[in-house]
Amino acid sequence: MFKFYFILFLGILCHIPGSAQAYEFYGVIKLNGKMESAIPYRLIFNEKEGKIKGYSITDMTGAHETKNLVEGYYDTEKKYLSFKEKNIVYTKSPISDESFCFISFEGKIKLNAKKPKIEGKFKGYFKNKTKCIDGTIELVSSLTVQSYLAKANKKIQKSKELDDDTKKKYNPIQIFDSLQTNQLTTSQNLNVFNKSDKVSFEIWDNSVEDGDIINLSHNGKIILQNYTVSKVRKKVELALESEENIFTIEAVNEGSQGPNTAMIILEGDKTVEFQSNLKMGQKATVTIIKEK
């Protein structure tokens, strides 16, 4: 039931200093417009003087989660929005020349409406600009969905059939919030595209400090061994040895509460944030691919 809350469309509209406005939407894209092919989609961008810059996340929390940079424009008078996905920041999908279909969208959108929506057809293009899969996009404001989640949570908390632990576990607002973090689970590989010759890993425990221990290696060479993750952030700076650099994260234990959850920020020419979610002995990898 509560997986449904993730599929629900959500968008957050807020203001930042100056004339720029920040927008955040959640929803789905439907390949060829079919519901059975619906994929969770998140769109975040700033609009300033008509220019759009931000990023999208496709298949959020899924096996093929991919983050792309987004650019475009918005005509305030005509209420016309246009954006295109550009370079990939990271992906959990295998890499190949024809793996990634980039979304290009144009349509009449009232971004400054009380409850803004982004709906319409999109076109898909490979990086070489040849056509791939088209479809439809459906995104709505968080104001509606946040209200819905609050009402659903109110019913859950008032239920006499559920105990307090169950009510806490299935709080739809907390469930949705937890889905915002990029989770790296066993045997998954996160491909990160980077132009820098050096990168850094910042590692800490952002939840309950329960004695999680990890090993971190670079192309088979141990960098951190039996390292206990704590609230104090550990920063490791590294030179990239080749065009492809494989970093392996191994859970030595699961702490006192399990699973092993180390929060990690990877800094290169872009910033990628993720959290390990591993049982004892499990491994996941981050492959940094140097772009020319």
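What's counted below: heavy atoms across the whole structure, side chains too, no hydrogens, waters or symmetry copies. Quick caveat, the model's predicted, so the values are computed rather than measured.
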Taking the side chain as everything from C-beta on, heavy atoms only, tell me whether [X] gets closer than 4.5 Å to [Y].
X: D210; Y: D205; answer: yes
X: L238; Y: F247; answer: yes
X: Y41; Y: I103; answer: yes

Does the [X] side chain pair with the main chain of [Y], one donor and one acceptor, at a distance under 3.5 Å?
X: N260; Y: D212; answer: no
X: S37; Y: L31; answer: yes
X: N32; Y: G135; answer: no
X: K51; Y: K48; answer: no
X: N277; Y: T261; answer: no

[X] to [Y] - nearest heavy-atom pair and separation:
X: G62; Y: Q188; value: O-NE2, 4.3 Å
X: E65; Y: T61; value: OE1-N, 2.8 Å
X: F100; Y: P94; value: CZ-O, 3.9 Å
X: E85; Y: C101; value: OE1-O, 4.0 Å
X: E244; Y: T287; value: CG-CG2, 3.5 Å
X: T66; Y: S93; value: OG1-OG, 4.5 Å

hydrophobic_cluster_shared for [Y] and [X], side chain cutoff 4.5 Å:
X: Y227; Y: L266; result: yes
X: I246; Y: F274; result: no
X: V192; Y: V236; result: yes
X: V199; Y: M263; result: no

Sort out for me which residue in F83, F122, F45, Y80 forms a ring-ring contact (aromatic ring centres under 6.0 Å, His included) with F105.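 Checked F83, F122, F45, Y80 against F105; only one passes ring-ring contact (aromatic ring centres under 6.0 Å, His included): F83.
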Ignoring hydrogens and geometry beyond distance, is a side-chain donor-acceptor pair present between E47 and Q21 at under 3.5 Å?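 On atom types as modelled, these side chains do not qualify, holding no pair under 3.5 Å.
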CG of N189 to OG1 of T285: how many Å apart, nearest 0.5 Å?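 Answer for the CG-OG1 pair, N189 versus T285, is 3.5 Å.
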In Å, rounded to the nearest 0.5 Å, how long is the span from CZ of F25 to CD1 of I137?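 Spacing of CZ (F25) from CD1 (I137) equals 10.0 Å.
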Greater than 12 external heavy atoms within 6.0 Å of E36's CD: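 Atom CD in E36 is packed in, count exceeds 12.
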Yes or no on salt bridge (charged side-chain N to carboxylate O under 4.0 Å, His left out) for E202 and K234, after CA distance, side-chain angles and deciding distance? CA-CA 5 Å; E202 197 167 353; K234 173 74 171 179; over 6 Å; no
May I ask you to check if K131 and Y125 form a cation-pi contact, with NZ or CZ under 6.0 angstrom from the six-membered ring centre and within 45° of the axis?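 The answer is yes; both the distance and angle limits are met.
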Can you list the steps and then say if K67 with N182 is a side-chain hydrogen bond (donor to acceptor under 3.5 Å, both in side chains)? CA-CA 10 Å; K67 179 177 180 179; N182 180 8; over 6 Å; no
Show your reasoning for whether salt bridge (charged side-chain N to carboxylate O under 4.0 Å, His left out) applies to K270 and E291. CA-CA 12 Å; K270 307 178 189 76; E291 295 180 294; 3.4 Å; yes
